[in-house]
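Below: one structure, written as structure tokens.
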4 protein chains.
Amino acid sequence: MMLAPPGADADPTADPFAVDCGPHTEATETLARALASSAAARDRRGGSALAERQRIRASGLLTLAVPQRFGGAGAGWPLIYRVVRRLAAADSSLAHVYGFQHLQVATILLYASVRQQERLLAATVQQNWFWGNATNPLDRQIALRPEGEHYVLEGIKTFCSGSIDADMLNVSAPGSAPGQRVIIAIPGTRPGVHPNGDWDALGQRQTDSGSVRFDRVIVQADEILGPPGVGGSPRATLRPLVSQLVLTEIYVGNALGALAAAAAYVREQARPWFDAGVARAADDPFVQLRFGALWSRYQAAAALADAAAQRLQQAWDLGESIGARERGETAVAIAAARVFAADAALDITAQVFDNMGARATAGHHGFDRYWRNVRTHSLHDPLDYKRRDIGRWLALGELPQASLYS
Amino acid sequence: MMLAPPGADADPTADPFAVDCGPHTEATETLARALASSAAARDRRGGSALAERQRIRASGLLTLAVPQRFGGAGAGWPLIYRVVRRLAAADSSLAHVYGFQHLQVATILLYASVRQQERLLAATVQQNWFWGNATNPLDRQIALRPEGEHYVLEGIKTFCSGSIDADMLNVSAPGSAPGQRVIIAIPGTRPGVHPNGDWDALGQRQTDSGSVRFDRVIVQADEILGPPGVGGSPRATLRPLVSQLVLTEIYVGNALGALAAAAAYVREQARPWFDAGVARAADDPFVQLRFGALWSRYQAAAALADAAAQRLQQAWDLGESIGARERGETAVAIAAARVFAADAALDITAQVFDNMGARATAGHHGFDRYWRNVRTHSLHDPLDYKRRDIGRWLALGELPQASLYS
Amino acid sequence: MMLAPPGADADPTADPFAVDCGPHTEATETLARALASSAAARDRRGGSALAERQRIRASGLLTLAVPQRFGGAGAGWPLIYRVVRRLAAADSSLAHVYGFQHLQVATILLYASVRQQERLLAATVQQNWFWGNATNPLDRQIALRPEGEHYVLEGIKTFCSGSIDADMLNVSAPGSAPGQRVIIAIPGTRPGVHPNGDWDALGQRQTDSGSVRFDRVIVQADEILGPPGVGGSPRATLRPLVSQLVLTEIYVGNALGALAAAAAYVREQARPWFDAGVARAADDPFVQLRFGALWSRYQAAAALADAAAQRLQQAWDLGESIGARERGETAVAIAAARVFAADAALDITAQVFDNMGARATAGHHGFDRYWRNVRTHSLHDPLDYKRRDIGRWLALGELPQASLYS
Amino acid sequence: MMLAPPGADADPTADPFAVDCGPHTEATETLARALASSAAARDRRGGSALAERQRIRASGLLTLAVPQRFGGAGAGWPLIYRVVRRLAAADSSLAHVYGFQHLQVATILLYASVRQQERLLAATVQQNWFWGNATNPLDRQIALRPEGEHYVLEGIKTFCSGSIDADMLNVSAPGSAPGQRVIIAIPGTRPGVHPNGDWDALGQRQTDSGSVRFDRVIVQADEILGPPGVGGSPRATLRPLVSQLVLTEIYVGNALGALAAAAAYVREQARPWFDAGVARAADDPFVQLRFGALWSRYQAAAALADAAAQRLQQAWDLGESIGARERGETAVAIAAARVFAADAALDITAQVFDNMGARATAGHHGFDRYWRNVRTHSLHDPLDYKRRDIGRWLALGELPQASLYS
């Protein structure tokens, strides 16, 4: 992803596509390059990326969100999201499951009791756990029932990203009270947990986001997170915001990846159009114009995502003292970052092709995966309802209601 | 510009349209509100806003950019641009001449000799000078000739924003060497300086950006800035970047002003559409959707402008040690912020009308001035050449050439 | 509006901006040029364009929509809309009142009894009546009451385009049955009819679209149109569709006018950008690129409007045999043409400035009037509800409900 | 593709997605439905669609462009393009090779001698030939050399759409004079013709647009088309225009296909969003709004393509009397239709997903193929150079130079 301009010195800041991840920049860059080398081929294949998941485990980057008191890196959210962005530029599927690792850690921090936090997060560091999730709130075919001294989980969950090869799984289910929901943290190898391996979408093809069947899975009482549990405190409602910014960074990262790939292709492989009157494709004024327009938009998406991450960190740092206003305004800021990034990334990943030309459509390049990834992932929950939430707040001062999506 | 949501407490952070200007927030807000109250009427009238210029003088905000060693506030660029943004939301014309005040101060800091800096900036603080400019580099009908012990300036300058009622004027002219240019700092009341009062554009109507005739104006040798003078050092080439970010904030501020005005209008005056099935216009889902989309875009423009201002400050803080790479990359960052903000502001200032409806076109509201201001000001120099510069850098690693526009 | 390319022969088809109005092309072109010469100045002034209205009367083009059996030209709708388009490129205000002339004639043809048609349309031809309207369906302060052998009209109507200097006026009011509405055709000089002359909007400034006070105006029974009257037959519901296409052509015409003005300005007055490396502004590749993009969009708007006019003609030609499906599908086709044209025209009239450059903002050119006209006029009724109507039909097969707007 | 609205009668005009192909509507519809049933599956597979090519042969639609004097249907271009559109909505790959069939017939009509026309077109009808092409003008590795009484063709051609299973092939090569080019019409089974079967692009996956190796292929003198040959007469320069409109209709058709598929999916399979407050996804106001916006844009693209096809027909009908102006203006009209349709189709095929939601990304639906097809095919030659050509004409009156692309 290095841009080596002719005659420029070797100053690493010369790479427009570099992502500053603070002390983790080198580890992130090394991992990203390793993933990038096979990303196009693996996208075509789909299925699970077991070797690459091992590489993520080996990178030391799985514990960034774990507080230092549990042995983790205790990195702030802005830095963590930068890592997700850089990885998404290289391999959007693995960036997704990597980003969701931190969402699961946040789930423990927000929903679990102090004792559970200690147990689960210390083990996350010591055993280098890779977490998956089965927490789609719209599932209807899952039930958790008390049975003797424990509980039994039975049913089907869908969109369970990272569920295959997961050391641990967060699973959501209806609780015993009406409208209540619980999240359960169990080993991915627990008997009765059967990922169906049925994920075959048009993008994000190696996220293992298929369904999981739970066949009389035994759950211990202290595997049910809480108190406070799901939404059990104002602070706990930050969880969907952590998630929404992971989504955002997937879009930002794909836009970055597409631009970097297109710039390299134009410089190294594209032919100038016969009627352009230039010797190199990169000298074509229309190519330069479009790169300028797309880069401006990418930069805007990245700057807004950065600002939203700062905002989340401020809300996070308020701890239990967070109020409805701070929570709601943070939700608005993050919603704005997400809808903007999604639109920008869809257009950028589509329009880079105009700069690359017809030969760039050859399947082996896999250049369409950036668009397919953004298109798939941006449908997670409808962007229009995010826009409505923002607009309602702007027009009426009404803060978005905390939900499992906002 | 306060949004008072029903039932919300009076926490000032409740205003989505507030602009954080650090220690100068209150002075800025007070000035902005004073300007806003008559902005629509004065826009229709055009001409000079002498009373409002006095109010700016009285605000204490004219010396923000003057270093503390000369008695000024020594504020950083990010803060100064925030003040410009807030004023532009209220009155884009006066924000323009206010923003250009700081450009003139920067001109002294970048082009003038140490002795000139001392003399001019100390006086700027002590006498609360309001600077104007006559520095359009494309003018051809201006000449500076040595005559005895001094010089004589003769000719016409165009687009001389803030030239009427200016205490001091920066004036550019060809120097004695081929291709050389000089900038001269003279009192606006110097005999022979005749602003023609001929500014009558479709927007930015009270910027006094008309032509100035220089009729055998005597110029002393030490009124010619330098060394280093125009472009006489790498650091000196930062001047157009300071200017480009003023332009950017005018767009961002108008977008903000339009959104704030539209939100207030929708809440207080707009009627719901008969077929909308809602009791209040602000409850219309399409109105909310559009506000959400426009706000996201505004936020992106503001975040990118903020990031570019930080970048400028870093370059500025390098002092004379600034190199071509830092200078060039800063230019790219600022160009990206400007082209993005211009596009966003054009669309936002146009589309707010769809939320307000037909009655909002009544002339006395003056709601079209936001669009007219952005449209006028965004033509300062062609945005496409900024896009090309960015794209050339992205595709080829070639940094933008420092010019009087980039 | 002629484009005289260097070295091209004088073939009139060489003018890309020409509008084919069949046998009325020459009269239309002559009128358009006469209006264009003073359009910018009159836009600034606002108020009534009495001399220009006389010129329209003298053009012979007021009776195009009157069937030949009443002495009119009996022109089809597609041709009439082309005349509106061409006039809107020259003078959008007068094109508006001219277009609404035909809407008033259609009102007579659709709502009036056979005897009323005969009386009113024959006189329209013989006395060359210029019709105005006062038919805003959302007005609440107007009443028509029987009083002895006649009726009395009392109250206020708003948005009464063409009401000043109108020979005849169509006026709408609630009827005697609940929800019923009537339209009354009376002379504009009838005692008690008082246009308030209070139109002062940001665009469409010479349409005289202000309010009219009706001060105990005597109305004869046979001045109330019908049967069938308002919405009294399936065919009668075509009236809003005739109106919606007039709106559409105002947008299309302004886009055309802006493009023609910009092309002439670029060719004749604009300076090439100093960094463009071309001798003439018109040779700038970015200028050409943008003209190409904008022209494509204009052409699409014009083609879709043409197709919608053909569709309206087919529905019109069905006479009383028109069914709900034909009516509804025609409404959808016209709604699509209008929303598309509005979006396109807003962008085109804004973006032509990027091709013209900063000097084109000088007030005397009046180049912003195209945008202001489109912006004002496109708020007539909310475009989003047209989009919703189309989408509802596409998703569910539900035809738009006939209303006074659709 | 039928939309059966609840309670509507069976009137076939109720299908918004129907395409009127005149007397060939039924045959086209039958073929389209047959292709559609397996299109998604075949898109995933790629490779050659031999069975479906047979079905096209059996449809009787291969000879539409052949004049009646040679036994063909003698259909006009507007009708032929409608057939391409309808097929592209069903199966974009096969619509492409089907559309290019008519381009090859046009090639014979425009380049071939009268005797060649007679021989080749009569046989096209009698033997129901399916033509392929190997006419990429940018190929450099192909040569035609005289050898004894015949010629030998040797080398590689790329982007040879429809070359596998082609009964006949048009092949382009440099002629003997400098800059000259010839087209050769030979059987696809001629010894030495070796399609490499190497087409594996991200879209248009069953067009067999890979490379063909010509291994000492014997060519008879009268297999070289002409006189007039390539560009040998003003009329002959119409060939690229015929081609550009085929491209255009592929985009229009994919947009139509995506909208039809999305409308059906929303009606039949999509779930309403939990926060939408509606019982059916199709009742969601945001879904309706987006359908309305996208449909308007589709309609504009279709109307402009229709108008361009009419324009081509007029130029075609001029025969040898066509002049530079008519040719050039037709080229501009077609360029405008193509760039508009490409932009519209890219956005439409991307944005339908927002209406369908996350579950629509499941791979078996294949809903992304519309976007991939448009994205691939719209890179045929750079759209920016079409925009430039249009803009140059608008700004300067310079007609586009006839080339092999314009």
Side-chain angles (χ1 to χ4, degrees), chain A residues 46 136-138 158-159 198-205 271 273-276 284-287 289-290 342 346-347 349-351 353-369 371-372 374-385 387-389 401 403-406, chain D residues 46 136-138 158-159 198-205 271 273-276 284-287 289-290 342 346-347 349-351 353-369 371-372 374-385 387-389 401 403-406:
Chain A
N136 179 7
L138 300 180
T158 61
F159 290 113
D198 53 3
W199 181 249
D200 179 23
L202 64 93
Q204 297 294 89
R205 292 175 51 72
R271 304 178 182 177
W273 183 240
F274 83 94
D275 197 19
D284 187 317
F286 298 144
V287 167
L289 186 77
R290 183 176 288 102
L346 276 173
D347 284 352
T349 57
Q351 292 176 26
F353 281 99
D354 291 293
N355 274 6
M356 295 192 286
R359 287 172 192 274
T361 62
H364 66 91
H365 292 305
F367 288 145
D368 60 326
R369 71 186 190 279
W371 181 87
R372 287 186 285 101
V374 177
R375 185 60 294 190
T376 300
H377 201 256
S378 55
L379 301 170
H380 178 275
D381 57 278
L383 296 164
D384 279 347
Y385 284 88
R387 293 186 187 97
R388 184 208 59 181
D389 283 355
Q401 243 190 312
S403 80
L404 293 155
Y405 290 98
S406 58
Chain D
N136 178 7
L138 300 180
T158 61
F159 290 111
D198 53 4
W199 180 246
D200 180 21
L202 64 93
Q204 297 294 88
R205 291 176 51 74
R271 304 178 182 177
W273 183 239
F274 82 94
D275 196 19
D284 187 319
F286 300 143
V287 166
L289 187 77
R290 182 175 289 103
L346 277 173
D347 284 351
T349 56
Q351 292 176 26
F353 281 98
D354 292 294
N355 273 6
M356 295 191 285
R359 288 171 191 275
T361 62
H364 66 91
H365 292 306
F367 288 145
D368 61 325
R369 70 185 190 278
W371 182 87
R372 287 186 285 102
V374 177
R375 186 59 293 190
T376 300
H377 201 257
S378 55
L379 300 170
H380 179 275
D381 58 277
L383 296 165
D384 279 347
Y385 283 89
R387 293 187 186 96
R388 184 208 58 181
D389 283 356
Q401 242 190 312
S403 80
L404 293 156
Y405 290 97
S406 58

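We use all heavy atoms of the structure for the numbers below, so side chains are in, but hydrogens, waters and symmetry mates are not. Residue numbers start from 1 in every chain, and the chains themselves are labelled A, B, ... in the order their sequence lines are given, proteins ahead of strands. For clarity, every value in this text was computed on a predicted model and none was experimentally measured.
- For the atom pair R205(A) CZ and T361(D) OG1, the distance stands at 10.5 Å (nearest 0.5 Å).
- Using a 4.5 Å cut-off between heavy atoms, Q351(A) contacts chain D through its backbone alone, with no side-chain atom that close.
- No side-chain heavy atom of P137(A) sits less than 4.5 Å from a side-chain heavy atom of F274(D).
- In this structure, CZ in R369(A) is found 12.0 Å from CG in L202(D), a value given to the nearest 0.5 Å.
- With a 4.5 angstrom heavy-atom cutoff, R387(D) touches chain A only via side-chain atoms.
- If you tally non-hydrogen atom pairs under 4.5 Å between each of A201(A), G203(A), A362(A) and chain D, the highest count goes to A201(A).
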Side chain to side chain contact (heavy atoms under 4.5 Å, CB included) for L383(A) and F286(D)? Distances and angles first, verdict last. CA-CA 10 Å; L383(A) 296 164; F286(D) 300 143; over 6 Å; no
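- The choice from G357(D), P382(D), A358(D) that makes the most heavy-atom pairs within less than 4.5 Å of chain A is P382(D).
- Rounded to the nearest 0.5 angstrom, D381(A) CG and D275(D) CG are separated by 10.0 Å.
- H365(A) meets the ring pair (Phe, Tyr, Trp, His ring centres under 6.0 Å) test with Y265(A), F367(A); sequence neighbours excluded.
- The greatest number of non-hydrogen atom pairs below 4.5 Å with chain D, out of Q204(A), R359(A), Q401(A), M356(A), is found for R359(A).
- In this structure the side chain of R375(A) never reaches within 4.5 angstrom of the side chain of D368(D), judged on heavy atoms.
- With a threshold of 4.5 angstrom between heavy atoms, D198(D) does not approach chain A through any atom at all.
- If you measure heavy-atom distances from S403(D) to chain A, the contacts under 4.5 Å come from the side chain alone.
- Top candidate by heavy-atom pairs under 4.5 Å with chain D, chosen from Y405(A), W273(A), F353(A), is W273(A).
- Most heavy-atom pairs under 4.5 Å with chain A, from the set L346(D), D354(D), T376(D): that is D354(D).
- In terms of heavy-atom pairs under 4.5 angstrom with chain A, the leader among A360(D), G366(D), A276(D) is A276(D).
- The aromatic rings of W371(D) and W371(A) lie parallel to each other, with less than 30° between the two planes, well short of the 60° mark.
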